[in-house]
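Every chain is numbered from 1 and lettered A, B, ... according to where its sequence line falls, protein lines coming before strand lines. Any value given below was found using the heavy atoms of this structure, including those in side chains, with hydrogens, waters and symmetry copies removed.
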Number of protein chains: 4
Amino acid sequence: MGGVWGFGVGGVVGGGKARRLPRVVRERQMLDAAVRSFARHGYQAASMDEIAELAGVSKPLVYLYLNSKEELFTAVIRREAQALLGVVAEAVVGRGGPPDERLWAGLLAFFSYAAEHPDAWTVLSVRARTQGEPFAGEAARMRDEITAFVAGLIGEAAREARGGGGVAGRGGAAVGGREVEALAQALVGSAESLASWANATPGVTAKEAAATLMDFAWSGLGNLMKSERWSPR
Amino acid sequence: MGGVWGFGVGGVVGGGKARRLPRVVRERQMLDAAVRSFARHGYQAASMDEIAELAGVSKPLVYLYLNSKEELFTAVIRREAQALLGVVAEAVVGRGGPPDERLWAGLLAFFSYAAEHPDAWTVLSVRARTQGEPFAGEAARMRDEITAFVAGLIGEAAREARGGGGVAGRGGAAVGGREVEALAQALVGSAESLASWANATPGVTAKEAAATLMDFAWSGLGNLMKSERWSPR
Amino acid sequence: MGGVWGFGVGGVVGGGKARRLPRVVRERQMLDAAVRSFARHGYQAASMDEIAELAGVSKPLVYLYLNSKEELFTAVIRREAQALLGVVAEAVVGRGGPPDERLWAGLLAFFSYAAEHPDAWTVLSVRARTQGEPFAGEAARMRDEITAFVAGLIGEAAREARGGGGVAGRGGAAVGGREVEALAQALVGSAESLASWANATPGVTAKEAAATLMDFAWSGLGNLMKSERWSPR
Amino acid sequence: MGGVWGFGVGGVVGGGKARRLPRVVRERQMLDAAVRSFARHGYQAASMDEIAELAGVSKPLVYLYLNSKEELFTAVIRREAQALLGVVAEAVVGRGGPPDERLWAGLLAFFSYAAEHPDAWTVLSVRARTQGEPFAGEAARMRDEITAFVAGLIGEAAREARGGGGVAGRGGAAVGGREVEALAQALVGSAESLASWANATPGVTAKEAAATLMDFAWSGLGNLMKSERWSPR
DNA sequence: AATGAATGAGGCTTCATTCAT
DNA sequence: AATGAATGAAGCCTCATTCAT
């Protein structure tokens, strides 16, 4: 009997319904279905019925493995946040080079991921954040880590600038911790906004989006570090 | 006697429940309550029961005046979008001065409004936009008008820069229509993102937020117009 | 000021809304509106809102004059039943001639009334009867009176037949009270059924309907009185 | 053990509530309950609450299986119309003999069914027909089929009469298509009317009702075919 | 004579969740 | 490993009816 239902890594056998799959596979199917459903309808409007149907299983099985709608949503957020954080971290950390190069690599990874997994991006950027606790917090943790990367890069650039040459030119010593935080917020906010806009706008590639943001933001940061502030006359 | 319930523009008199108010007053109370409820819970999770209770009326009266949850939400979005658009437009149009001065004025008005009416801002920026049609479209119209203001100011600055001196320095002629659009998107996106962040972060004033954004964005724009692009080495 | 609103018998003055009409006029307007509304939607589905609007008055006035939906429906049934009974009675009683002639006159009056007041006929034949007590009883009283007329005419014909000549020919003495009742029921049932069918079928006149029924029924009655029963072989 | 709840075709075992019955059984219970409820109160006034309670299940289960009040009513009408049509068709078609014999058989089947299933008969003859589309249409289809049977029998009798002897006697050739239609309408209308009257009148049997109608109608039809029309003098 | 303002009660429908196998 | 059967709770909406003028 073992093997009678032989299943490959990909999941379903042939065209029919695959039964008696191992738990890990079933859970992935459910989470995949949940991502789609939550992305499309939002947490409240998504229904366990639809998710079970999309996953090709009965509702009790969803409850057996994921316990409740709330835990299911949390599991989805965690899985997708880890994935996104993973690709961004891989692009930014443990790699040498000047901070702007690393920021560029991180942005490219970020925009590419958002473009390739639009439902995941929608869940993280919209559905989780607008759903209140504990979901928003779950997504905020990931965002904070990304913001910390960015703040790190900005700070690094500022120190380099202070020290001598570099992107920021010489002479700027004015960037404090709180300001770095606000700048990182603005940059990450821009990136998120651009990512959603790019996903919704046909013909905009991840590379274009990343380039626009670098043009827009990094040179502005450079100015800031040269203490060239704008101020009302 | 006549006048025993005399009511002012502001609404309820004293601490007791005011009964038999004129329709216009009641409608405003209901819309106010709806803004709070939709902001807190989102469209789906907000309940007509809670809205009625917050407004101090019975549910049937809400239906008598606003017809349905959908129409109520639409009415809320329209009212708040008009209000926000109004203050921004007043700050930007029909006023002379260089484009950066007018952008500064507009940003200040925008951040101030968002700070003073956080629920309205949440409804417009989050609840309406994530609820799909027809609500997202209703809010998008307002956003588009604001984005058009900003694009106009950027374009104007670019023309001035092309023409000679000005913020952007001389010589830059590289900013095309599509690029202006993307920049305006990024700037508006940053502004929205910053506004929500400022509302959620104690101690951040509207003026600070506006200043951060001007520093961050306008000088970056200036660089762009000098054709000082960032590009991967 | 009296007379400033001068109104004619017909009701509304000019094109605008007539205000301060005498009670009798207002009540007729309300009953007219109610007949239409009850005929179209049935008792349950008809709404006091619609009736008030059709009557051109506010709802409280309807309650002031007619007290409740139930009483309003009852008032409608009574008014329409009296009217229908009136025209039929006028055609049948207090008039000489043989019973078949009088039946013919009664049927003609009945079908004509139903054709000319289809809403009233619908209320009586359908809406009242299917609404349970006390409404069905109200309509049943009228139907019983009409059935009694018919039974009277059948009985009279039977006696004539027994006595000698007449429609029914000679020799038949077999028609008892219970049978007369059943026959009258069948005839009245046919008439009602035909009236509704005629109203719903374009091009069928009251005279045609009456003729069909006389052909169908009266000669059959004649046979019965000649004891020519049908019986399974 | 398995089988502890063993249930027969008829439904519930013993006096206690049977749980976890198969869908088909539950659906039949719900339809039975719905027939009773719709017959008593009419479509609008019947409540899903009462139906669920009569069926011995919770409301959500009714919705799970029957989807909505409208679909439930439609399902009821279809089931009962099929059943009634079935017994009448079985009595009339695929059976030899003269048309009057077959009409007699059909009427007997009809009146018996109406007597044995008064709620079903009320739903079909009253509740469905007065509820407007799409319900009236659903019931009208069944009625039309029955009327077609009757028209067929009348036409057959007329042709026999034309041909020579037969019920209708000789010589009559005057019955046209439209007239046959009207006669069939009148006969079916009488039958319906009589059925409801018989159900409401204690002591009237189906056989009596059928006999009354045959006496009343068939001999009348015979006269018609002999061209013995009634006409006002 | 007439009405704008207001509500208690109830109906249809949906959904997350559990039970028993 | 998996599911068919079932429900408590809650939400949107409507309607007959009344209040205060």
> Which part of the nucleic acid, if any, lies within contact of A/Ala46, taking any heavy atom under 4.0 Å across all strands shown: a base, the sugar-phosphate backbone alone, or nothing?
Replying inline: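 A/Ala46: backbone/sugar contact only, no base atoms under 4.0 Å.
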How close or far is atom [atom2] of [N] from atom [atom1] of [X], stated in whole angstroms?
{"X": "A/Met30", "N": "E/dA16", "atom1": "CE", "atom2": "P", "value": "15 Å"}
{"X": "B/Leu66", "N": "F/dC13", "atom1": "CG", "atom2": "C1'", "value": "14 Å"}
{"X": "D/Glu27", "N": "F/dA6", "atom1": "CD", "atom2": "P", "value": "11 Å"}
{"X": "C/Tyr43", "N": "F/dC15", "atom1": "OH", "atom2": "P", "value": "14 Å"}
{"X": "D/Glu50", "N": "E/dG10", "atom1": "CD", "atom2": "P", "value": "14 Å"}
{"X": "D/Ile51", "N": "E/dT13", "atom1": "CD1", "atom2": "C1'", "value": "14 Å"}
{"X": "D/Asp49", "N": "F/dA9", "atom1": "CG", "atom2": "P", "value": "14 Å"}

>> Nearest heavy atom decides the nucleotide; on that basis, is C/Glu70 or B/Glu70 closer to the 5' end of DNA chain F?
In response: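 The answer here is B/Glu70.
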> Start at the 5' end of DNA chain F and walk down; is the nucleotide closest to C/Met48 or to D/Ser58 reached first?
Replying inline: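 Counting from the 5' end, the first nearest nucleotide belongs to D/Ser58.
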> Tell me, do C/Gln131 and C/Glu70 make a side-chain contact under 4.5 Å, heavy atoms counted?
Replying inline: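 No, side chains not in contact.
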> Is the number of heavy atoms from other residues, nucleotides or ligands within 6.0 Å of CD (D/Glu71) greater than 12?
Replying inline: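 Atom CD in D/Glu71 is crowded, with more than 12 foreign heavy atoms closer than 6.0 Å.
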> Hey, mind stepping through C/Phe38 and C/Asp119 against side chain to side chain contact (heavy atoms under 4.5 Å, CB included) and telling me if it holds?
Replying inline: CA-CA 8 Å; C/Phe38 285 132; C/Asp119 283 342; over 6 Å; no
Any side-chain N or O of [X] less than 4.0 Å from the OP1 or OP2 oxygen of [N]?
{"X": "B/Tyr65", "N": "E/dA6", "value": "yes"}
{"X": "C/Tyr63", "N": "F/dT17", "value": "yes"}
{"X": "A/Arg26", "N": "F/dA1", "value": "no"}

Of the candidate nucleotides [options], which contains the atom at the shortest distance from the side chain of [X]?
{"X": "C/Ser47", "options": "F/dA16, F/dT14, E/dC19", "value": "F/dA16"}
{"X": "C/Leu61", "options": "E/dA6, E/dT3, F/dA2", "value": "E/dT3"}
{"X": "D/Pro60", "options": "E/dA2, E/dA20, F/dT7", "value": "F/dT7"}
{"X": "B/Leu21", "options": "F/dT7, E/dT13, E/dA6", "value": "E/dA6"}
{"X": "B/Arg20", "options": "E/dA2, F/dC19, F/dT7", "value": "F/dC19"}

> Of the non-hydrogen atoms in D/Lys69 and D/Gln44, which two are nearest, and what is the gap between them?
Replying inline: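 Taking every non-hydrogen atom into account, NZ-O, 3.1 Å.
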> What closest approach, in Å, do A/Thr122 and A/Ala39 show between heavy atoms, and which atom pair accounts for it?
Replying inline: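 Looking at all heavy atoms of both residues, the shortest contact is CG2-O, 3.7 Å.
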>> Which is more 5' along DNA chain E, the nucleotide nearest D/Gln44 or the one nearest C/Leu64? Just name the residue.
In response: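 Result: C/Leu64.
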> Taking for each residue the nucleotide of DNA chain E bearing the nearest heavy atom, is the 5' side occupied by D/Lys69 or by C/Val62?
Replying inline: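 That would be C/Val62.
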> At what angle, to 10 degrees, do the two end axes of the helix from E/dA2-F/dT21 to E/dT21-F/dA2 meet, given five pairs define each axis?
Replying inline: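 Taking five pairs per end, the axes differ by 30°.
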If we ignore hydrogens and angles and just use 3.5 Å, is the side chain of [X] paired with the main-chain N or O of [Y] as donor and acceptor?
{"X": "C/Arg127", "Y": "C/Ile77", "result": "no"}
{"X": "B/Glu50", "Y": "B/Leu54", "result": "no"}
{"X": "D/Thr130", "Y": "D/Val126", "result": "yes"}

>> Using a distance-only criterion (donor-acceptor N/O pair, under 3.5 Å, no hydrogens), is the base of E/dT17 paired with the side chain of A/Lys59?
In response: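 Yes.
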